[in-house]
Amino acid sequence: MKSEPDAFSIDDLRACPKGTDHWDGIRNYQARNFMRDEMKKGDLVFFYHSSCDVPGVAGIMKVVRESYPDFTALDPESRYFDPKSDPANPRWYMVDVKFERKFSHVVSLSELRERRSLKNMQLLQKGNRLSIMPVDRREWDTILKMTETK
DNA sequence: GCCAACGTTGGC
DNA sequence: GCCAACGTTGGC
């Protein structure tokens, strides 16, 4: 899951009560579908810092609550308000995530690109702009190892 | 700040 | 259903 650290970083998540927060503001259908349909309680998730000095994987969090309607879509005061969202049939969903761990160094996007075995990662595909996407187990393990070798 | 690559919107 | 215009993402 990506976030711009200027807006919400892994340190911000850690600072939340119980290290837990809801992942609001997702307004892309594909990303929503991953949250709504694929993410299960207990799943581990990489926290990716985007649009910053060193974009890359900053740490790990865990899904602690499965998807439920994103209430910010219904709040006219919210920057994520969606006038087309219907309370009776919510369009947008979110999950709750909990801080697990912050890496001693960010596994940078450029490091990820250097790894042959990560070549097919969805994150690294041309034109990819999704803010939430699946990571397969091999990719997960490879990235974890990269945190230990530097 | 630039720009490629999307996704969305709305007229037709 | 097509497609131009527009808005957004995100690396550089």
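Just so you know, these numbers come straight off a predicted model, no measurement behind them.
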Closest contact, heavy atoms only, A:L123 versus A:Y48
CD2-CE1, 3.8 Å
Check the phosphate of C:dT9 against A:Y48, side-chain N and O only, distance under 4.0 Å to OP1 or OP2. Yes or no?
no
Does B:dA4 have its OP1 or OP2 closer than 4.0 Å to a side-chain nitrogen or oxygen of A:K126?
no
Regarding A:S50, tell me which of base, sugar-phosphate or nothing describes its non-hydrogen contacts under 4.0 Å with the strands shown.
sugar-phosphate
Within the structure shown, what part of the strands sits under 4.0 Å from A:Q30 by heavy-atom distance: base, sugar-phosphate, or nothing?
sugar-phosphate
What's the [atom1]-[atom2] distance between [X] and [N], to the nearest Å?
{"X": "A:R129", "N": "B:dA4", "atom1": "CZ", "atom2": "C1'", "value": "10 Å"}
{"X": "A:M133", "N": "B:dC6", "atom1": "CE", "atom2": "P", "value": "13 Å"}
{"X": "A:L112", "N": "C:dC12", "atom1": "CG", "atom2": "P", "value": "11 Å"}
{"X": "A:H49", "N": "C:dC12", "atom1": "NE2", "atom2": "P", "value": "17 Å"}

Quick one about A:D75 and A:Y80 (side-chain donor to acceptor, distance below 3.5 Å, no hydrogens or angles considered), yes or no?
no
Do A:S85 and A:R27 get their side chains close enough for a donor-acceptor pair, meaning under 3.5 Å?
no
Verify, without hydrogens or angle tests, whether A:D43 (side chain) and A:K40 (backbone) share a donor-acceptor contact under 3.5 angstrom.
yes
